[in-house]
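Within every chain, numbering begins at 1; the chains are lettered A, B, ... in the order of the sequence lines, protein sequences first and strands thereafter.
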Amino acid sequence: MGILEVKNVSKRFGGLKALSDVNLSVRENTVHAIIGPNGAGKSTLLNCLIGKLIPDTGSVMFDGQSVLGRKPHEINQMGISRVFQTPEIFSDLTVFENVMIPCFAKRDGAFRMHAIGKTSGESDIIEQAERMLIDVNMQDKRHVQASSLSRGDKRRLEMAMCLSQQPKLLLLDEPTAGMARADTNNTIDLLKEIKAKRDITMAIIEHDMHVVFSLAERITVLAQGTPLVEETPENIKGHPKVREAYLGEAQV
Amino acid sequence: MHGTKAKDTTLLIVVAFMTMFAPFLLNPFPAGSELAQFNAGYPDLMQRFVIFGIFAIGFNILFGLTGYLSFGHAAFLGVGSYSAVWMFKLLSMNVIPAIVLSVVVAGLFALVIGFVSLRRSGIYFSILTLAFAQMSFNLAYSVLTPITNGETGLQLSLDDPRILDGGGPATSLPVTNLFGWEMRESTTIHAGAWSFDLSVGYYLSAIIMLACFYLSIRIFRSPFGMMLRAVKSNQQRMNYTGLNSRPYTLAAFVISGMYAGLAGGLLASMDPLAGAERMQWTASGEVVLMTILGGAGTLIGPVLGAGFIKYFENIFSKINEGVLHGWFAVMPDGIEDLLVAIVYPFVGKGWHLTLGLLFMLVVIFLPGGLVEGGQRMGRFAFRRRDRKAGPVESSAAEKRAASSKPAE
Ligand SMILES: Nc1ncnc2c1ncn2[C@@H]1O[C@H](COP(=O)(O)OP(=O)(O)O)[C@@H](O)[C@H]1O
Ligand SMILES: [Mg+2]
């Protein structure tokens, strides 16, 4: 039984079947990659996991509890954090504030009225945020307004935000898209390091096969809303169905 | 962090100095002179400056930080005024219980209205608050006449019970006071041709305004304030980060409603009257203008905006045709008439036109309001000085980066 169990999930958008009968089991403390051509429904699947979308049918269990019907912030407090395909950060806030906010969410829960104490007096949060920024190598940008970061830096910031929540399950939607090679390698190293340091499960959507094969222990191939194969990286490379899915895309 | 603390302290000291010396600073012209009509240092107007300053400071906590634009905040102002007058009628002419009740009642109102309105965001939120405020206005005007005294407005009367003050047979209406200091009491200081009025009512309002200003600085710099800015910046991300944005926005709404109630209570404490027109949508719109004109999301902006608009309303509106003819009397007759004809639409009853144009200019050229105007002028002055001193590029860029920070 995996930490995340997706059973028979379907989702339609009008006439389009974005997900049909998806089954997915992610084992605890593994890195599970979900690959597949554009429009396969990968992001839609993640949306169903974090409460952004409600699937038409099926069930989603996390850590033995159903995710469906819960609000996004409740699901996050259960231990699921997500890095989005297009970076979702607090653009008007500084880099440092961006990282402090998830630290507060982790420490104080969904709401706490601390309206009088100064933010600068929260030494544990500040220390934690500082350490996180050092981990992603962004400490020199701490006072920069997040909107002025490069796309790659925005992704790294978002990853730092998610990681500082110490989630049980980290969902990464194309975390290295738009990154330079060096930054991609740094990201791989960072994720490996985090993985080595503590218990964490990751589900990663990625087009860059270098990233996928560096990190993943299991790979699920999704095409047109249906999982085709679930395999180890060694077995996936020459898999006929995988070739078909990608070649099918190439022909279009 | 990085110098904001020192900046905040400086700002607080400057504001404290300005409000404490306002009776002198706002009366720069000798009493009998031509220009005396531009003096704003009389108690009634100064009270309005600081009371509407409180209103706008509170509004800014909601609008400036979270971005939720309420078009119904005058409802809380009105509720505060009614509560205060009732306290004067039933309990005592002391302003303390009246002010306390006005804050509490406005807070409860805000809790209910906020709870419903905050289910929507953007324009729908604005419309909901507007609808609630107009509903309150109409109720106060008609259905709730036993509580609000309808069109006439709620006033004191000779046979009010006033349990604590002993409502015995009086021959004239009692006056509001703070443990015996009457709000309307004032001393006039004469210095040469100048005269300055120091009134109890103004100083009480000013001290309360300073406390409110200090509280708003604390809120801005608190984790709560940061969460409110996060709401404005990216509410989705906030929710996916495990934070429930609803109670944060509701808390901000209630706090700003309480500020509005306090302002309403103070208005009634200075002049124990409460009318439904205080809740009308124009009054709600006014606080929006004040906040945007001064600089939404900045600390001092709303206070500046409130002062600006109240100055226009009370000073510009008094310049009539006769006054204009007086000014241009030195010109030959034809030109005098022409100048008067040109200027006249912008002053007197036309003050709204000037204010409207000013507002448009600010929104188009200074989206950060008067505060941004001040910053630009400051930067301009700095740059000129720096240019003389040597290389500037880096420091100018730094300053630009610093000034584009969200909360000043
Ligand atoms: N909110 C939505 N409304 C309508 N159609 C959507 C929505 N989200 C995704 N889709 C459609 O569902 C399909 C799968 O999209 P997506 O999950 O983003 O694919 P992937 O992430 O695998 O590239 C696409 O055809 C996309 O256009
Ligand atoms: Mg996608």
Side-chain angles (χ1 to χ4, degrees), chain A residues 46-47 50-52 71-84 87-94 96-122 125-126 142-148 158 161-162 164-165 167 171, chain B residues 1-9 61 64-67 214-252 254-256 258 296-297 397-398 400-408:
Chain A
L46 293 199
N47 288 344
I50 61 161
K52 189 170 180 177
K71 299 210 175 81
H73 67 88
E74 293 167 343
I75 295 173
N76 175 281
Q77 291 285 354
M78 289 167 78
I80 304 182
S81 293
R82 173 176 179 185
V83 174
F84 286 81
E88 290 278 350
I89 52 176
F90 302 111
S91 309
D92 306 328
L93 274 56
T94 64
F96 196 62
E97 287 172 327
N98 267 275
V99 183
M100 271 200 284
I101 287 173
C103 294
F104 274 113
K106 174 79 183 167
R107 192 192 73 183
D108 300 337
F111 173 72
R112 189 178 148 200
M113 186 77 197
H114 25 31
I116 299 300
K118 290 185 176 121
T119 312
S120 52
E122 304 276 352
I125 299 276
I126 288 175
R142 52 179 289 172
H143 296 314
V144 173
Q145 193 179 320
S147 60
S148 62
E158 195 183 9
M161 292 163 71
C162 289
S164 56
Q165 292 200 288
L171 306 173
Chain B
M1 266 185 303
H2 56 102
T4 50
K5 199 178 162 191
K7 258 207 238 157
D8 292 346
T9 312
I61 291 173
L65 289 180
T66 71
Y214 175 71
L215 185 64
S216 104
I217 294 182
R218 293 301 296 254
I219 290 176
F220 267 62
R221 303 300 177 219
S222 71
F224 175 70
M226 185 169 70
M227 295 302 178
L228 297 184
R229 284 187 289 126
V231 170
K232 183 178 183 178
S233 186
N234 191 342
Q235 196 165 348
Q236 295 258 338
R237 175 31 100 195
M238 201 177 165
N239 292 331
Y240 297 126
T241 305
L243 294 159
N244 189 359
S245 51
R246 190 74 61 76
Y248 282 103
T249 47
L250 185 58
V254 171
I255 291 171
S256 73
M258 289 165 85
E398 260 166 41
R400 205 170 308 133
S403 71
S404 65
K405 281 209 195 91
E408 279 181 325

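- For chain A, the nearby parts of Met238(B) are the backbone and the side chain; heavy atoms of each come within less than 4.5 Å.
- Of the two parts of Lys52(A), the backbone and the side chain both hold a non-hydrogen atom closer than 4.5 Å to a non-hydrogen atom of chain B.
- In this pair, His114(A) and Phe104(A) present their aromatic rings perpendicular. The plane angle is above 60°, beyond the 30 to 60° band.
- Residue contact with chain A, scored on non-hydrogen atoms closer than 4.5 Å, involves the side chain of Leu215(B) exclusively.
- At least one donor-acceptor pair closer than 3.5 Å links the side chain of Thr241(B) to the backbone N or O of Arg237(B).
- Of the candidates Cys162(A), Ser164(A), Pro167(A), Ser81(A), Pro102(A) forms a side-chain contact (heavy atoms from CB on, under 4.5 Å) with just one, namely Ser164(A).
- With a 4.5 angstrom heavy-atom cutoff, Leu228(B) does not touch chain A via any of its atoms.
- Side-chain atoms of Arg82(A) and Asn47(A) form a donor-acceptor pair, as typed in the model, at a separation below 3.5 Å.
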Show, in sequence, the C-alpha distance, side-chain angles and deciding distance for Asp8(B) and Arg221(B), and conclude whether the salt bridge (charged side-chain N to carboxylate O under 4.0 Å, His left out) test is met. CA-CA 10 Å; Asp8(B) 292 346; Arg221(B) 303 300 177 219; 2.7 Å; yes
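- A side-chain donor-acceptor contact under 3.5 Å links Asn239(B) and Ser245(B).
- Only the backbone of Ile89(A) has a heavy atom closer than 4.5 Å to any heavy atom of chain B.
- Interface check for chain B: of the options Ala115(A), Gly117(A), Ala105(A), the most heavy-atom pairs under 4.5 Å are formed by Ala115(A).
- Using a 4.5 Å cut-off between heavy atoms, Met78(A) does not touch chain B at all.
- Using a 4.5 Å cut-off between heavy atoms, Ala251(B) contacts chain A through its side chain alone, with no backbone atom that close.
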